[in-house]
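Naming convention: chains lettered A, B, ... in sequence-line order (proteins, then strands); numbering from 1 in each chain. Quick caveat, the model's predicted, so the values are computed rather than measured.
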2 protein chains.
Amino acid sequence: MSEPTGLRARKKERTRDAIGDAAVSLFLERGFDRVSVNDIAAAAEISKPTLFRYFPTKEDLVLHRFADHLGEAARVVRDRRSGVKPVTALHRHFRAGLDRYDPVTGLNDHPEVVAFHRLVFTTPSLAARLTQYQLEDEEALADALGEGIQARLRAAQVLAVQRVLARTNWQKIADGRTAHDVHPEAVADADQAFSQLR
Amino acid sequence: MSEPTGLRARKKERTRDAIGDAAVSLFLERGFDRVSVNDIAAAAEISKPTLFRYFPTKEDLVLHRFADHLGEAARVVRDRRSGVKPVTALHRHFRAGLDRYDPVTGLNDHPEVVAFHRLVFTTPSLAARLTQYQLEDEEALADALGEGIQARLRAAQVLAVQRVLARTNWQKIADGRTAHDVHPEAVADADQAFSQLR
DNA sequence: ATTACCGGGTTGCTTTTTTAACCGAGTAAC
DNA sequence: GTTACTCGGTTAAAAAAGCAACCCGGTAAT
């Protein structure tokens, strides 16, 4: 239905995954700026121009995992069933993310994921680029919420909340606790934060 | 020197192998004419025109393993050290093939290899195409041996000998004996056949 | 100060691959 | 006796990938 998977599309997706995986694994292994794009291209067995056809910048090689969620908040708001308030829809969506330990909620203790988050937050250029993404996400959400300064403000507040919640969760896990252990607190924090948004 | 391994060349080789392997494994599984080229292309995850860019006909999908040895006899003759007679060089080469159980000598009892030979010899269009290859090989060998009818005759006789030896070995193995067990007879047969060529 | 290299990106140009459509022979359905 | 498959094989156009060469800013060596 929604997957008219031709040969071309399949191979492109695989190539993209191969590049992204090779990049992340090299970055985790040696650190962001100890790996050149040439190394990544070689590891993924593609040429440098091809790499940049798939990812606009070196930073995006790390952040595509966030970028793939870009516009998600806006979509959640648009696709909510009638009668459901936007904030409620977003709250439920975030909670569902917590329940399945989605990495974007920060509530995930797989070593790779933890290391990945540390990589992002401790590499200045990555953190910088990440905020760019969040701004785009914010704009999309604002559009979904309506027009004018009101929508903008609410969008900014919602995403700020999500950001704080995710970092809080991640911090607890970085301190050595398990995701399962943190889960109840994470849910409580989310409930509190989202109800204060109303 | 002979391996200017760029990305392009590496991927081409892999694609060729993927097609050949997919084809042979499907043929062994279901029989030559119960497998369409579309099936093979799908299994190898390439398109039909691409398949035919790598292999000119369906038969060649099976016979490329022989085709890869095409011109080998001629090369052996050309590359022999001075003072060595052509027939002697070919004899030694064949014997070396026996010693390492090279599939082209027929002296190999790996199930795949045996099944593969049966496939070739019991499928008329494959057997037919195989003789085409052998004719080409014969011409090349004739050129390496010199000019005129004499060279042609000797080339034909040498290749006929090799063909008979290979089929004899294969037959014994098809009857259930092991390659190791057959080896001494194979060597003896080869010695006798090649000395009669002089 | 110059030179030279290395890093992130880009620009043509060529080669390879996909796609969809087609040909011609065979063959089964009706 | 058409019609409509299927199968081996081909064609033309467009997408994608490779390659080499380049730009630019930084940094090390001389």
Worksheet item: Within the pair T50(B) and dT18(C), is there a side-chain N or O less than 4.0 Å away from OP1 or OP2?
Response: yes
Worksheet item: Distance check: side-chain N/O of Y54(A) vs OP1/OP2 of dA16(D), anything under 4.0 Å?
Response: no
Discussion item. Would you say that F32(B) contacts S125(B) through its side chain, given a criterion of any heavy-atom pair below 4.5 Å between the two side chains?
Written reply: yes
Worksheet item: Side chains of N108(B) and I173(B): closer than 4.5 Å at any heavy-atom pair?
Response: no
Taking [atom1] from [X] and [atom2] from [N], how many angstroms apart are they, rounded to a whole number?
X	N	atom1	atom2	result
L26(A)	dG7(C)	CG	P	14 Å
E45(A)	dT16(C)	CD	C1'	17 Å
R10(B)	dT16(C)	CZ	P	16 Å
I40(A)	dG8(C)	CD1	C1'	11 Å
R14(A)	dA17(D)	CZ	C1'	16 Å
R53(B)	dA17(D)	CZ	C1'	13 Å
I46(B)	dA17(D)	CD1	P	17 Å

Worksheet, complete the sentence: Per-nt protein contacts along nucleotides 4-15 of chain D (heavy atom under 4.0 Å; B base, S backbone sugar-phosphate only, - none) come out as ----BBBB---S
Item to complete: Quickly, which of R16(B), R14(B), R65(B) forms a salt bridge (charged side-chain N to carboxylate O under 4.0 Å, His left out) with D21(B)? Name it, please.
Response: R65(B)
Please tabulate, one pair per line, all N/O donor-acceptor pairs under 3.5 Å involving side-chain atoms of residues 91-101 of chain B, not counting sequence neighbours.
residue, atom, partner, partner atom, Å
H91(B), NE2, D191(B), OD1, 2.8
H93(B), NE2, E72(B), OE2, 2.8
D99(B), OD1, H183(B), NE2, 3.0
R100(B), NH1, D102(B), OD2, 2.8

Give the table of side-chain donor-acceptor pairs shorter than 3.5 Å for residues 136-160 of chain A, with sequence neighbours excluded, one pair per line with atom names and distance.
residue, atom, partner, partner atom, Å
D137(A), OD1, G71(A), N, 2.6

Discussion item. Quick test of your reading of the model: are D39(B) and R34(B) salt-bridged, counting only N-O distances below 4.0 Å?
Written reply: no
